[in-house]
2 protein chains.
Amino acid sequence: MTLADVAAMAKVDRAVVSRVVNDDPTLNIRPETRQRVLAAIKELGYRPNVTARSLRTARAHMFGLFIPDFANPVYAEIIKGAEAAAAALGCVLVTGSATGAGLGGYMDLLGPGRIDGLLLAGSGEDTGLIEQLDRAAVPWIMLNRRSPAVDRYVILDDERAARLAVGHLVGLGHRRIAHLAGPSGADTAQRRFAGYSAAMREAGLPDGPIAAADYTPAGGAAAMGSLLAGPHPPTAVFVANVASAIGAMERVREEGLEIPRQMSIVAVHDLDLASYLAPPLTTVRMPLEELGRRGVSLLNGLKPDDSVEEILAGPMALITRASTAPPPED
Amino acid sequence: MTLADVAAMAKVDRAVVSRVVNDDPTLNIRPETRQRVLAAIKELGYRPNVTARSLRTARAHMFGLFIPDFANPVYAEIIKGAEAAAAALGCVLVTGSATGAGLGGYMDLLGPGRIDGLLLAGSGEDTGLIEQLDRAAVPWIMLNRRSPAVDRYVILDDERAARLAVGHLVGLGHRRIAHLAGPSGADTAQRRFAGYSAAMREAGLPDGPIAAADYTPAGGAAAMGSLLAGPHPPTAVFVANVASAIGAMERVREEGLEIPRQMSIVAVHDLDLASYLAPPLTTVRMPLEELGRRGVSLLNGLKPDDSVEEILAGPMALITRASTAPPPED
DNA sequence: TTGTAAGCGTTATCAG
DNA sequence: CTGATAACGCTTACAA
């Protein structure tokens, strides 16, 4: 079913059909002719061949989003926002993850004209990939990751999130507040740490003990172990990530401490899951969906050389659940 | 950078370049000519235009996978397997989810030649979509879902999973074993229920109480409430899904019952998460990654009219953790 | 108001 | 051994 078939049936030229299909506003057509064309389209069940169209127009109406790992539920929300934004633009969003081969394998297939832009979420800085993207002139933006060498990113206000969390603990009366940080390589972790430090300073409190972990339950458990081992264990911990918090809570229980009576815990990212932990976890809700949405919006119409530097303040909120309470009387 | 540029530089015809690029085995070329071509390709940084190639060959080297929701971690494993299988075939796999608009919105862009096949995971039976796919002659397979009207699916052996779980509980000495089932509309839920029933019968036990829930924590909590409300509450529950199990466990705790001393729980799907619940959850590990892999393998080379009916036995295992124990002495 | 024609970058089938 | 040439299905000036 091609344009030619429709044209033949409607007894007009392919050009006319094309312009009808695309609602060309400069087309001045007799209503009856348009009807004939529309009827033929319906009759034949014609659908434009997107590949041919892409080749001709050098527009794919398709954006891509790469994430490190689908198992991380944080990305589910980002994807949701990005898909919605793409749909609003009449485009599709396709998502892929960096498997063993890295993203490089995708590049062979994501050449020019095949995709209109790429969102790189959390995949560190695969310089080889970026170089290839630039050569192919496909626009890209880093999502939720910033790196010194790059002037194209959208990130969240992680510092503010940390301040919210620490402020909550301080407000409850805690003074020995530890930080279970993210991996030092992740810039989100760095910003959350900076926010923690600033908030402690502003509250007139000294930094508590600090331990870094990757964003996994196992890492969180280990780090929590070292936080508890010190001479003056904290009464509250600000955890940089909800996955780590799951492991951390388990470790606290293993040590025979009760949450929140003897240990308060608050973490970044409010996932469904948080409300089903034991006890339900107090979190900072980040505008992840908004992040995905904004990423696609910015990507749309971005020139390969434009720079984008945006820190999304967005709606951010402390979700108070049962894992935080005033510190024990001593 | 097109074939023509390379051809000009190497002083050969585009056709020659094309066949060098594609390693055409029927090409008989002088080594020095080939070197010239290769050098020009490198020099110019030429990369084939995938869109043009797709238009010409009617092959996209791209498969699609549609899932209902990225937040469901079950799909993360499926995607992982599917991406790996696609990569092994030199193709990419792109994943999308059914947002408000349903998958229909994608179809405009996933026309013929743009995608070589589609895996439909768990998205019920969107008949409109399937009709469109068939018209566009793009092969598709249902993944982890079977429906009477459809002879193209790959599913897991849910019955066997249920038998494993129930067998474990029976082995521990339980006799009053309830089933917290999935939504009656889901065929996975039906098969798990069938397996439960069969296993109970074979063990000489009567069906225990049964309550259905959607595959969410909230649903699981409610259903567990009704299981506990009966006159002879069970000593163990086989839960059809790990998300429900999370809610169910919470509800059991709220009722003041201790897991596993007073209530054993085993659920289908072994997610990372399961080992971080309190207590760690005994599960049946399903070959989800294998499911994704198999889906892509079958899709590859599938003719639009071929039928595929496969029940993946795959590696399946009971992962014993702390949520199951012998029943109380009474 | 509609038709003509020249591509978009490839690949496949012939010739030579 | 290599070069012409005709598609693939569509868009878009421009001509009629």
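The model shown is predicted, which means the values in this text are computed figures rather than measured ones. In what follows, chains are A, B, ... by sequence order, proteins preceding strands, each numbered from 1.
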Asks: What is the distance from CZ of A/Arg19 to P of C/dT4, rounded to the nearest Å?
Replies: 14 Å
Asks: Can you sort out which residues in residues 38-48 of chain B have a heavy atom within less than 4.0 Å of DNA chain D? Ascending by number, please.
Replies: none
Asks: For A/Glu77, is there an ion pair with A/Lys80 - N to carboxylate O distance below 4.0 angstrom?
Replies: no
Asks: Using the closest heavy atom to pick a nucleotide of DNA chain D for each, name whichever of B/Ala52 or B/Ala15 lands nearer the 5' end.
Replies: B/Ala15
Asks: To the nearest Å, how far apart are A/Asn49 CG and D/dA7 P?
Replies: 18 Å
Asks: Mapping A/Ala4 and B/Thr26 to their closest nucleotides on DNA chain D, which lands nearer the 5' end?
Replies: B/Thr26
Asks: Where the side chain of A/Asp5 meets the backbone of A/Thr2, is there a donor-acceptor pair that is under 3.5 Å apart?
Replies: yes
Asks: Without decimals, in angstroms, what is the distance between A/Arg14 CZ and C/dG3 C1'?
Replies: 11 Å
Asks: Has the side chain of A/Thr33 got a donor or acceptor atom that lies under 3.5 Å from a matching backbone atom of A/Ile29?
Replies: no
Asks: Do the ring centers of B/Tyr75 and B/Phe70 come within less than 6.0 Å of each other?
Replies: no
Asks: Is a side-chain donor or acceptor of B/Arg36 paired with a backbone partner of B/Ala10 at a separation under 3.5 angstrom?
Replies: yes
Asks: Let's test your reading of the model: under 3.5 Å, does the base of D/dA7 pair with the side chain of B/Arg56 as donor and acceptor?
Replies: yes
Asks: Students often get this wrong, so: under 4.0 angstrom with heavy atoms, is B/Thr33 touching a base, only sugar-phosphate, or nothing?
Replies: sugar-phosphate
Asks: With DNA chain C as reference, determine whether B/Asp24 or B/Leu55 sits nearer its 5' end, using the nearest nucleotide of each.
Replies: B/Leu55
Asks: Can a side chain N or O of B/Ser18 be found less than 4.0 Å away from OP1 or OP2 on C/dT10?
Replies: no
Asks: Can you tell me if B/Ser54 uses its side chain to pair, donor with acceptor, with the backbone of B/Val50 under 3.5 Å?
Replies: yes
Asks: I need the minimum non-hydrogen distance between A/Arg145 and A/Ile155, along with the two atoms involved.
Replies: N-CG2, 3.7 Å
Asks: List the atom of B/Asp157, the atom of B/Ala313, and the distance in Å for their closest heavy-atom pair.
Replies: CB-CA, 4.4 Å
Asks: For B/Leu3 and C/dG7, what is the distance between atoms CG and P respectively, to the nearest whole Å?
Replies: 18 Å
Asks: What is the minimum heavy-atom distance between B/Met1 and B/Tyr46, and which atoms define it?
Replies: O-CD1, 3.6 Å
Asks: In degrees, rounded to 10°, what is the bend between the two ends of the helix from C/dT1-D/dA16 to C/dG16-D/dC1, using five pairs at each?
Replies: 50°
Asks: Starting at CZ of A/Arg53 and ending at C1' of D/dT12, how long is that distance when rounded to a whole Å?
Replies: 14 Å
Asks: Report the distance from atom CG of B/Leu27 to atom P of D/dT2, rounded to the nearest whole Å.
Replies: 8 Å
Asks: Give one of base, sugar-phosphate or nothing for A/Asn28, where a contact means two heavy atoms less than 4.0 Å apart.
Replies: base
Asks: C/dT11 C1' sits how many Å from B/Arg59 CZ, rounded?
Replies: 15 Å
Asks: Is B/Arg30 close enough to D/dT2 that one of its side-chain N or O atoms is under 4.0 Å from OP1 or OP2 there?
Replies: yes
Asks: Is the shortest side-chain N to carboxylate O distance from B/Arg152 to B/Glu309 below 4.0 Å?
Replies: no
Asks: Using atom CG of B/Asp13 as one end and atom C1' of C/dC14 as the other, report the distance to the nearest whole Å.
Replies: 13 Å
